[in-house]
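Sequential numbering from 1 along the given sequence is applied to the chain's residues.
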Amino acid sequence: MTQSNKPYALVFGISIYDIFGFSYATYRPYDSNPGQVKVSCGGVCRNIAENMSRVGIPTKFISILGDDQKGADILRQAEKVGLDMSDSLIVKGGSTPTYLAILDENGEMVSAVVDTKLANDFSEEELNKRAAIIENAEYMFLGADNPPFVESILKTYQGKTKFVLDPVSGAKAARVKHLLPYFHTVKPNRHEAEVLCGFEVKTHEDARKAGAYLRSLGVENVFISLDADGVYYNNGEEEGIIKASCLDILNVTGAGDAFVAGIGAAYMTGKSIKDTVKYAIAMSNITISHEATIHPEMSEARVAEYLSTCTWEEITF
């Protein structure tokens, strides 16, 4: 296990090896379809970790991989971007979590196979071997994939580090809403916020109501993505909505992952809450300007350039 005296952010979650098959012509079931196959490294938490590393934040990512070629590719990608995965669990003979999807000529998924069985092999015993890594992290970023395991982490290490939650989806948010008091930061989108709070989040006043509710549970910093309406923020002292006017959309996949990474990067560099929102929006908007889930040119310099050229709409409550 590795330790470092240098401040670092920690991400814990699943790495997924993505395989996508794109049909060139009309998709025919039960037949071989001419097309293109693309592979990439994915997983919400892995994407968050890579994005933070790409903008220069010392980042450790604890995941679980098989000792197969897919796992080797994920480790190679991490090394390429300076992401520390040395504390991950490598299972001998295991199959690295994999997502295989077939898309038709319109880009619509017609079939998929998900193999994430290995994720269940990360035991509490294995995690506790990494206790020092968790306790020494400035922040620990978690998804909502395995609620009982997440609950164990929160209760075991509460007060040792600050926890950040990316709910990932409305369905997953519902399974961790009872754990909200343990989190320093929560970053839901509008739908996830509705699930966590139990009421609609349609207007600015609804967002403020949601922010107040989440803070009343003990969450220190709340960020709610309001889609085209911008991002709502509330830390108890400052509250408002910030929206970027410069937007070029190619693929929205990965936008949320980049936003959470932006929060982490801003936290680690001591930014104010308003500048945190702007930094996170910048990373998110850079991401959606490229067809890949993670922009291949994501960097601290790229984010700085975006921030220097973008204009912002701000509402302060």
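Hydrophobic clustering (ILVMFWY, side-chain heavy atoms < 4.5 Å, transitive): V219 and L196 are in one cluster. Under the 4.5 Å side-chain heavy-atom criterion for grouping Ile, Leu, Val, Met, Phe, Trp and Tyr, V91 is not connected to L65 through any hydrophobic cluster. A chain of hydrophobic side-chain contacts below 4.5 Å, direct or via other Ile, Leu, Val, Met, Phe, Trp or Tyr residues, connects V201 to I315. Taking hydrophobic clusters as Ile, Leu, Val, Met, Phe, Trp and Tyr residues chained together by side-chain heavy-atom distances below 4.5 Å, F12 shares a cluster with L179. Hydrophobic cluster membership differs between F183 and I48, with clusters built from Ile, Leu, Val, Met, Phe, Trp and Tyr side chains linked at under 4.5 angstrom.
Under 3.5 Å, the side chains of T311 and S245 contain a donor-acceptor pair of N or O atoms. Side chain to side chain, D115 and S95 meet the donor-acceptor criterion of an N or O pair below 3.5 Å. In this structure, a donor-acceptor pair under 3.5 Å is absent between the side chains of Y233 and N235. K274 and S272 share no side-chain donor-acceptor pair at under 3.5 Å.
Not a single donor-acceptor pair under 3.5 Å links the side chain of S53 to the backbone N or O of T59. Checking side-chain atoms of R215 against main-chain N and O of N234 turns up no donor-acceptor pair under 3.5 Å. With hydrogens and angles disregarded, a donor-acceptor distance shorter than 3.5 Å links the side chain of S284 to the backbone of A255. Judged by distance alone, with hydrogens and angles left aside, the side-chain atoms of K160 form no donor-acceptor pair with the main-chain N or O of I134 at under 3.5 Å. Side chain of N33 to backbone of R28: a donor-acceptor contact under 3.5 angstrom is found. Using modelled atom types, no side-chain atom of R54 and backbone atom of E50 make a donor-acceptor pair closer than 3.5 Å. Remark: the backbone N or O of D84 is not paired with any side-chain donor or acceptor of S86 at under 3.5 angstrom. Between the side chain of S63 and the main chain of G13, a donor-acceptor pair closer than 3.5 Å is present.
Across F122 and I62, no two heavy atoms sit closer than the pair CZ-CG2, 3.6 Å. Taking every heavy atom of both residues into account, A207 and I224 meet most closely at O-CD1, 4.2 Å. In terms of heavy-atom proximity, E192 sits nearest to K187 at OE1-O, 4.2 Å. Closest approach of Y27 and S23 over heavy atoms only: CA-OG, 4.0 Å. Taking both residues in full, the closest heavy atoms of T96 and G66 are given as OG1-N, 2.9 Å, listed atom of the first, atom of the second, then distance. Shown here for T287 and H295, the closest heavy-atom pair between the two residues is CA-CB, 4.3 Å.
The aromatic rings of H204 and F317 sit perpendicular to each other, their planes meeting at more than 60°, with 30° as the lower class boundary. Ring geometry, F223 versus Y267: the interplanar angle falls from 30° to 60°, so the pair is classed tilted.
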Let me see the working for D18 and T293 under side chain to side chain contact (heavy atoms under 4.5 Å, CB included), right down to the final yes or no. CA-CA 11 Å; D18 291 325; T293 303; 5.9 Å; no
Is there a side chain to side chain contact (heavy atoms under 4.5 Å, CB included) between S15 and F61 once you walk through the steps? CA-CA 10 Å; S15 297; F61 177 42; 3.1 Å; yes
Pair D73-K70, salt bridge (Lys or Arg N to Asp or Glu O under 4.0 Å): steps then yes or no: CA-CA 5 Å; D73 287 347; K70 296 176 293 182; over 6 Å; no
Verify side chain to side chain contact (heavy atoms under 4.5 Å, CB included) between T156 and E124, making sure each step is shown before the conclusion. CA-CA 10 Å; T156 301; E124 290 188 24; 5.8 Å; no
Could you walk me through whether D67 and K92 pass salt bridge (Lys or Arg N to Asp or Glu O under 4.0 Å), step by step? CA-CA 5 Å; D67 63 344; K92 186 176 181 179; over 6 Å; no
K278/L307 under side chain to side chain contact (heavy atoms under 4.5 Å, CB included): CA gap, chis, key distance, verdict: CA-CA 8 Å; K278 290 178 181 179; L307 290 169; 4.1 Å; yes
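The number of heavy atoms from other shown groups lying within 6.0 Å of CD (E135) is above 12. Within a 6.0 Å sphere centred on CD of E125, other residues, nucleotides and ligands contribute 12 heavy atoms or fewer. Annotation: Q69, atom CD; neighbour count of heavy atoms from other residues, nucleotides and ligands within 6.0 Å is above 12. Counting heavy-atom neighbours within 6.0 Å of K271 NZ, excluding the residue itself, gives a total above 12. The number of heavy atoms from other shown groups lying within 6.0 Å of CD (E300) does not exceed 12.
In summary, E194 and R190 do not engage in a salt bridge, as defined by a charged side-chain N under 4.0 Å from a carboxylate O. A salt bridge is absent between K209 and E205: the closest approach of a Lys/Arg side-chain nitrogen to an acidic carboxylate oxygen does not fall below 4.0 angstrom.
Between atom CD of residue E220 and atom CD of residue E237 there is a gap of 10.5 Å, rounded to the nearest 0.5 Å. Atoms CD1 and CD, from I102 and E108 in turn, are 14.5 Å apart once rounded to the nearest 0.5 Å. Atom CZ of F141 and atom CG of L10 lie 9.5 Å apart (nearest 0.5 Å). Interatomic distance, T185 OG1 to K162 NZ, rounded to the nearest 0.5 Å: 9.5 Å. Atom CZ of residue R130 and atom CG of residue L127 lie 7.5 Å apart, to the nearest 0.5 angstrom. In this structure, I273 CD1 and E239 CD are separated by 9.5 Å, a value rounded to the nearest 0.5 Å.
When side chains are defined from C-beta on, W312 counts as touching I281, because their heavy atoms get closer than 4.5 Å. Residues R46 and I16 form no side-chain contact, since every pair of their non-hydrogen atoms from C-beta on lies 4.5 Å or further apart. Side-chain contact between I14 and L118 is absent, with no heavy-atom pair separated by less than 4.5 Å. Side-chain contact between L180 and L165 is present, with heavy atoms from C-beta onward closer than 4.5 Å. Side-chain contact between Y306 and M283 is absent, with no heavy atoms from C-beta onward closer than 4.5 Å. Between K129 and L89, the closest side-chain pair of non-hydrogen atoms is not below 4.5 Å. In this structure the side chain of L75 reaches within 4.5 angstrom of the side chain of I90, judged on heavy atoms. Between Y8 and I133 the shortest side-chain heavy-atom distance falls below 4.5 Å.
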